[in-house]
Amino acid sequence: MSRVNRADSTTERRSPTGSRGTRLFFETKLGAERFAPGVWGWVIPLAVFVCALGLRLYGLNNPHALIFDETYYAKDAYALLQAGYELNWPDSADDDWLAGAPQPTNEGSYVVHPPLGKWLIALGILPFGIEDPFGWRFSAAVAGALGALLISFIAQRMFRSVFLGGIAGVLTAVEGHHLVMSRVALLDIFLMLFVLAAFGALLVDRYSGRRRLAGWAAETSGDSAQWTTGPVLLWRPWRLAAGVLLGCAVAVKLSALSFVLVFGIMVVLWDLQARRIIGVRKWVRSGLLFDALPATLTVLPLAAATYLVSWTGWLVSEAGWGRHAYDPDPSGLAALVPSAIRALWNYHGSAADFHTGLDSEHEYASHPLTWPFMGRPVSMHYQGRSQGEEYEHTGEICQAESCSSAVVDLANPLIWWAGGVGLLVVLALWLGRRDWRYGAILSGFIAGGAVWLLFPDRTMFFFYTISYHPFVILTVVVLASLLLRAGTGTSDRAGRVRSAAEIVSAQQRNTVMVLCFVLLSVAVSVFFWPVWTAEFIPYDQWRLRMWVQSWI
């Protein structure tokens, strides 16, 4: 905006109406205009949450066994409740656990993941105990349902549409990959939740920060020297909240560090862009000095402090693994660091070596380049029975020639593959239009997926993709938003003006098409439900759902 126009705006702002109009002008220019979703903006996401929670709690105690890595994390959660740190378990631990008599040793256990996710699993064990798997899986189910709620709110705000927000929530609620990871006591669903919540907090900060910037621009004279650098927006509570949430994400799994880096770069670019758009002359220097530097000095220490707090049980212990593995006579600045912190540093050095050097073969390992195609999903549970035999987890008797019960971390193919197409569309649109929303969606894919390409020799699994699952859903929402706008412009490509009836007809047609996709996605989820939830079904029915040999 030119200085002449700013001066004109200053004259206009002398009246209350002019001031408000100028602020609205700047808010629109910054893409920060207010959005009022109304009562449906709350009713639909909350309804999605209730449905998602019901789907995740139904039959949660089947199978009555420690499946896949539950054998580590559920027992670690129990140990945290007993001692405040992870403990070693005897060889018969699984049998004792299922018998309702867990007996960990008094010896600290070496673990390679931080404790917060296991503490969250423990929150379910506290009220429900370990006698039933419902207890150790409950927290994951709640986390998954909260993820569906958050994505509904986030999509609603990003696309300014309650309808599209509802679609994002419904697709998340019924999607199989998300469903399976919400029904097992693993860490990754908590990682997803904190990453998504941090992303949502950064979105709120983006809108609120830009509205404050618009208010400053509306009240500042066009010939003021303040336009050289712009204002200092120090108080950013939602950005601080994002720091806490990212610290929580890292406290679940260290792989969340990639989200800290990528989201940090994204936010800096948002701030620089805002100052450039509003007309600040030295927008690069002021953005780095007034926005990026304060964020670095506040958000990162806050995230680090949050992470450190998650280790409290280990830090105050005397018998945690590696608790006393530190130099007893440090020199220099190291002497100022408490011994517990130095021991924790050494612990993390060992864990980092483990993570970067993990290259053991595994039946269900997969390369990140196969994840968009679901090349090798993880089978977390499989049990076969012959005719007349009992399935001990539910007491059912096999009535067919042979029967199967399975929990396969398999995504809904329609939603997942549509997300792959959506990713290509989002990338093309971002390159062509530089729409910030497309860049934000791509950031999730980069931090959650592309970062694993840096470790080609490491053992990796498809279920790692749950960290960027919300961004897969957002790509599908992008496709839906494009479809909803098809043929609804005031004129067609030939320049012919469309009548109101034509536009309404196109809107109705597009809405029906989007709803048909959602209903078809739900139908596909109904079809795959048995192999997501360990239902006891005839073997032929299980085999019917294994479309690709590598899914078995």
Side-chain angles (χ1 to χ4, degrees), residues 55-56 62-63 65-73 137 140-141 144 147 171-189 191-192 253 255 358 360-384 404-423 445 448-450 452-453 458-473 475-476 521 523-535 537 539-552:
L55 290 173
R56 282 149 181 78
N62 177 31
L66 292 165
I67 63 174
F68 202 62
D69 283 352
E70 284 186 339
T71 188
Y72 305 115
Y73 304 130
R137 294 172 186 158
L171 293 180
T172 300
V174 304
E175 203 288 300
H177 180 29
H178 197 278
L179 186 77
V180 169
M181 297 304 294
S182 304
R183 291 170 59 91
V184 293
L186 270 62
L187 305 180
D188 300 78
I189 195 67
L191 169 63
M192 180 281 304
K253 294 189 83 170
S255 58
L358 182 61
S360 58
E361 293 186 6
H362 193 286
E363 183 181 3
Y364 291 104
S366 59
H367 192 276
L369 292 179
T370 69
W371 293 347
F373 312 102
M374 285 192 297
R376 187 58 169 162
V378 177
S379 176
M380 298 188 176
H381 162 77
Y382 181 85
Q383 214 160 334
S404 299
S405 170
V407 176
V408 185
D409 181 28
L410 181 69
N412 179 309
L414 180 60
I415 297 174
W416 194 258
W417 291 336
V421 174
L423 175 60
F445 282 95
W452 291 105
L453 295 173
R458 190 190 189 278
T459 305
M460 292 171 279
F461 301 92
F462 175 73
F463 67 80
Y464 291 0
T465 61
I466 196 64
S467 66
Y468 65 83
H469 185 280
F471 301 94
V472 175
I473 297 297
T475 62
V476 179
S521 297
V524 172
S525 289
V526 171
F527 176 74
F528 281 98
W529 173 268
V531 298
W532 293 335
T533 59
E535 282 194 2
I537 58 176
Y539 172 83
D540 291 343
Q541 290 297 313
W542 169 80
R543 193 64 180 83
L544 181 65
R545 290 160 174 81
M546 298 296 103
W547 292 355
V548 182
Q549 184 64 28
S550 63
W551 291 2
I552 298 176

Under the criterion side chain to side chain contact (heavy atoms under 4.5 Å, CB included), I'd like the reasoning laid out for Leu453 against Leu369: C-alpha separation, chi angles, the key distance, then a yes or no. CA-CA 8 Å; Leu453 295 173; Leu369 292 179; 4.0 Å; yes
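- A tilted orientation is assigned to the rings of Trp416 and His469, their planes being inclined by 30° to 60°.
- A side-chain donor from one of His177 and Asp409 sits under 3.5 Å from a side-chain acceptor of the other.
- For Ala534, the side chain to side chain contact (heavy atoms under 4.5 Å, CB included) partners at least two apart in sequence or on another chain are Asn62, Pro63, His381, Tyr391, Ser405, Val407.
- Here Gln383 pairs with Glu392, His393 under the side chain to side chain donor-acceptor pair (under 3.5 Å) rule; sequence neighbours left out.
- In this structure, OG on Ser525 lies 5.0 Å from CD1 on Ile415, to the nearest 0.5 angstrom.
- Taking CG of Leu186 as the reference point, atom CD1 of Ile466 lies at 11.0 Å (rounded to 0.5 Å).
- Nearest approach of Pro413 to Met374, heavy atoms of both residues: CA-CE, 3.8 Å.
- The ring of Phe527 has its center no closer than 6.0 angstrom to the ring center of Trp532.
- Within the structure, the side-chain hydrogen bond (donor to acceptor under 3.5 Å, both in side chains) test picks out the following pairs touching residues 369-380 (sequence neighbours left out): Ser366-Trp371.
- How far CZ of Phe445 is from CZ of Phe471: 8.5 Å, rounded to the nearest 0.5 Å.
- The two residues Ala185 and Tyr73 make their nearest non-hydrogen contact at O-CB, 3.5 Å.
- Under the 6.0 Å cut-off for aromatic ring centres, Phe528 and Trp547 qualify, their centroids lying closer than that.
- Every residue was checked against the side chain to side chain donor-acceptor pair (under 3.5 Å) condition with Glu363, not counting sequence neighbours, and none meets it.
- Nearest heavy-atom pair across Val184 and Ala140 is O-CB, 3.3 Å.
- The closest side-chain heavy-atom distance from Ile473 to His178 is not below 4.5 Å.
- Residues Ala365 and Thr459 come closest through the heavy atom pair CB-CG2, 3.9 Å.
- Counting only distance, with no hydrogens or angles, the side chain of Thr475 and the backbone of Gly419 share a donor-acceptor pair below 3.5 Å.
- Under the rule for a salt bridge (Lys or Arg N to Asp or Glu O under 4.0 Å), the partners of Asp188 that lie at least two apart in sequence or sit in another chain are Lys253.
- Shown here are the side chain to side chain contact (heavy atoms under 4.5 Å, CB included) partners of Pro530, two or more places apart in sequence or in another chain: Glu535, Ile537, Arg545.
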Report the C-alpha distance between Val476 and Leu171 in whole Å, list the side-chain angles of each, state the deciding distance to 0.1 Å, and finish with yes or no for side chain to side chain contact (heavy atoms under 4.5 Å, CB included). CA-CA 9 Å; Val476 179; Leu171 293 180; 3.7 Å; yes
Gln541 vs Val531, side chain to side chain contact (heavy atoms under 4.5 Å, CB included): CA-CA, chis, key distance, verdict: CA-CA 9 Å; Gln541 290 297 313; Val531 298; over 6 Å; no
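- With sequence neighbours excluded, no residue satisfies ring pair (Phe, Tyr, Trp, His ring centres under 6.0 Å) with His367.
- Between Pro368 and Pro372, the shortest heavy-atom distance links the atoms O-CD, 3.4 Å.
- In this structure, the side chain of Asp69 does not engage the main chain of Tyr72 through any donor-acceptor pair within 3.5 Å.
- Shown here are the ring pair (Phe, Tyr, Trp, His ring centres under 6.0 Å) partners of Phe68, two or more places apart in sequence or in another chain: Phe463.
- The side chain to side chain donor-acceptor pair (under 3.5 Å) search around Arg183 returns none, not counting sequence neighbours.
- Listed for the Ser182 side chain is no donor-acceptor partner under 3.5 Å among the backbone atoms of Arg56.
- Side-chain contact check for Tyr464 and Ser255: no donor-acceptor pair (N or O, by modelled atom type) lies under 3.5 Å.
- Under the side chain to side chain donor-acceptor pair (under 3.5 Å) criterion, Thr71 pairs with Lys75, Asp94, sequence neighbours left out.
- When every heavy atom of Ser521 is checked against every heavy atom of Asn412, the shortest pair comes out as O-ND2, 2.9 Å.
- Taking the salt bridge (Lys or Arg N to Asp or Glu O under 4.0 Å) definition, one finds that Glu70 meets it with Arg137, sequence neighbours left out.
- Under the ring pair (Phe, Tyr, Trp, His ring centres under 6.0 Å) criterion, Tyr539 pairs with Trp542, sequence neighbours left out.
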